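Taking it in order: structure first as structure tokens, then the write-up.
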2 protein chains.
Amino acid sequence: MPLDLILNNLEKHIHLTREEQEIFTAYLQPKKVKRKQFLLTYGEVCKYSAFVTSGCLRGYTVDKSGIEHVLSFAPADWWIADMYSLISQKPGIQNIEALEDTDVLLLSKANQEKLYTQIPKFEHFFRILTENSLVASQQRLIDSLSLTAEERYNNFCKRYPTLIDHLPQKQIASYIGVTPEFFSRMKSVIVRKK
Amino acid sequence: MPLDLILNNLEKHIHLTREEQEIFTAYLQPKKVKRKQFLLTYGEVCKYSAFVTSGCLRGYTVDKSGIEHVLSFAPADWWIADMYSLISQKPGIQNIEALEDTDVLLLSKANQEKLYTQIPKFEHFFRILTENSLVASQQRLIDSLSLTAEERYNNFCKRYPTLIDHLPQKQIASYIGVTPEFFSRMKSVIVRKK
DNA sequence: GGTGGCACTTGATGTAGGTTAAGAAATGGT
DNA sequence: ACCATTTCTTAACCTACATCAAGTGCCACC
């Protein structure tokens, strides 16, 4: 049951009564996104936080020379949204695309805000979730400023071991911030070292 | 009165009663940090969120080859902390140093957590503050992945016009992610263009 | 009112990673 | 099971930025 997954996800930080669980789940909206389809596209206003119950999404931006930069992967049990757009309700900068057939549970911004007032524990939950994202984002910035591509790749392997052999390597290249060509070269150098 | 500054800062997102203001301000601890002195150093556990009432701080990390990377500037009316360490209560990765004589108000992690339960509005406030930091951090990551040094410099000028002529330029170089030498050259090229 | 240190500049040279191109391998839709 | 498309590899050349080095201007403080 996909609802178990999201309820367990919440339990990592807050405890809900049976009733509160029911209020919460009533706010959720299941959705399927087929491989290569989009949950959100550039320029659109982001109206939902999405929780992935199966499959995998990627959030990315496209720069002015057309190069894609992967900002996050969201496999099962992860939350994803274009935070800039969700907060400001202005046109967003991210595309969120399914890397494989994916099931999500959508929580609309309006419902999320209702939860904050109805059940303050949710404000607590999302504060913690946001804090953790902030730390991860800062760490990634530090890494991109101070590590080589190879070191960033090693970090990626350590942090997301399940994703590694699961993802087309151009997506990993984009996440660590190099071209697919350079990534390929780098990998063959790493292999030769061993 | 420095308390007015912080109370106004809160008013941007939440409204407090007179009593709540008093509870809050009783939790604060004023501190002076002289130029070149540290509010926090690498390896130390971060126990406070700091709000700057006058002067300016910088938060930075030092990589393994000894290069400093400025993560944030905190002029008056800004909050600063090593979020990684504050959240995890593990030894931190940032140095927070005064660029000039600076006055801060410290809010301990323990007091901050008391506020969350005593006055839930504070959970709301810090959730929003964290969300905004997250968006800023993500944007900076996107910029570092997709813009040239010159474009990042232009963004910096637009976003922090007051800091520009106020800060030693090697600090700006470090923030935008280039060496002081390259920054100097870049600036002279920009001037020549006009 | 020197002088020691720091911030800034300028030049020569080095390098991590990008670009372009072309072929080989893998994959997925029908 | 096949073809079309996408993904991966390899190679030659290019560029943004780093490194090293030497020199200039500027306070600050004894």
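Throughout, a chain's letter reflects where its sequence line sits, starting with A, and its residues are numbered from 1. Model, not experiment: these values are computed from the prediction.
As judged by a 4.0 angstrom heavy-atom cut-off over every strand, B:E181 is placed among the base-contacting residues. Within the 4.0 angstrom heavy-atom criterion, no nucleotide atom of any strand lies near B:R35.
Atom CZ in A:F183 sits roughly 14 Å away from atom P in D:dT10 (whole-Å rounding). Here the P atom of nucleotide D:dT10 and the CD1 atom of A:I190 are 13 Å apart, to the nearest Å. For A:D63 and C:dG18, the CG to C1' distance is 13 Å, given to the nearest whole Å. The CZ atom of A:F182 sits 15 Å away from the C1' atom of D:dA11 (whole-angstrom rounding). For the pair A:I172 CD1 and D:dC8 P, the interatomic distance rounds to 8 Å; values are reported in whole Å. Regarding A:L99, its CG atom lies at a distance of 14 Å from the C1' atom of D:dT6, rounded to whole Å. Between the P atom of D:dT6 and the NZ atom of A:K170 lies a distance of 9 Å, rounded to the nearest Å. Distance, B:E100 CD to D:dC27 C1': 17 Å, rounded to whole Å.
Relative orientation of the A:Y160 and A:Y175 rings is perpendicular, given thresholds of 30° and 60° on the angle between their planes. Using bins of under 30°, 30° to 60° and over 60° for the plane-to-plane angle, the ring pair B:W79/B:F126 lands in the perpendicular bin. Ring orientation note: the planes of A:F125 and A:H13 are tilted relative to one another, at an angle of 30° to 60°. Aromatic ring orientation, A:H124 versus B:Y116: perpendicular (interplanar angle above 60°, classes split at 30° and 60°).
The listed nucleotides are C:dT19, D:dC17, C:dT10; the one nearest the side chain of B:R185 is C:dT10. For B:S184, whose side chain is taken as the heavy atoms from C-beta onward, the closest listed nucleotide among D:dT9, D:dC17, C:dT10 is C:dT10. For A:Q169, the listed nucleotide lying nearest its side chain is D:dT9; candidates were D:dT19, D:dT9, C:dG17.
Sequence order on DNA chain C of the closest nucleotides to B:L167 and A:A149 puts B:L167 first from the 5' end.
One finds no side-chain N or O of A:Q171 lying less than 4.0 angstrom from the OP1 or OP2 phosphate oxygen of D:dT7. Distances shown here put a side-chain N or O of B:T179 below 4.0 Å from the OP1 or OP2 atom of D:dA18.
At distances below 3.5 Å, at least one donor-acceptor pair connects side-chain atoms of B:D63 with backbone N or O atoms of B:I67.
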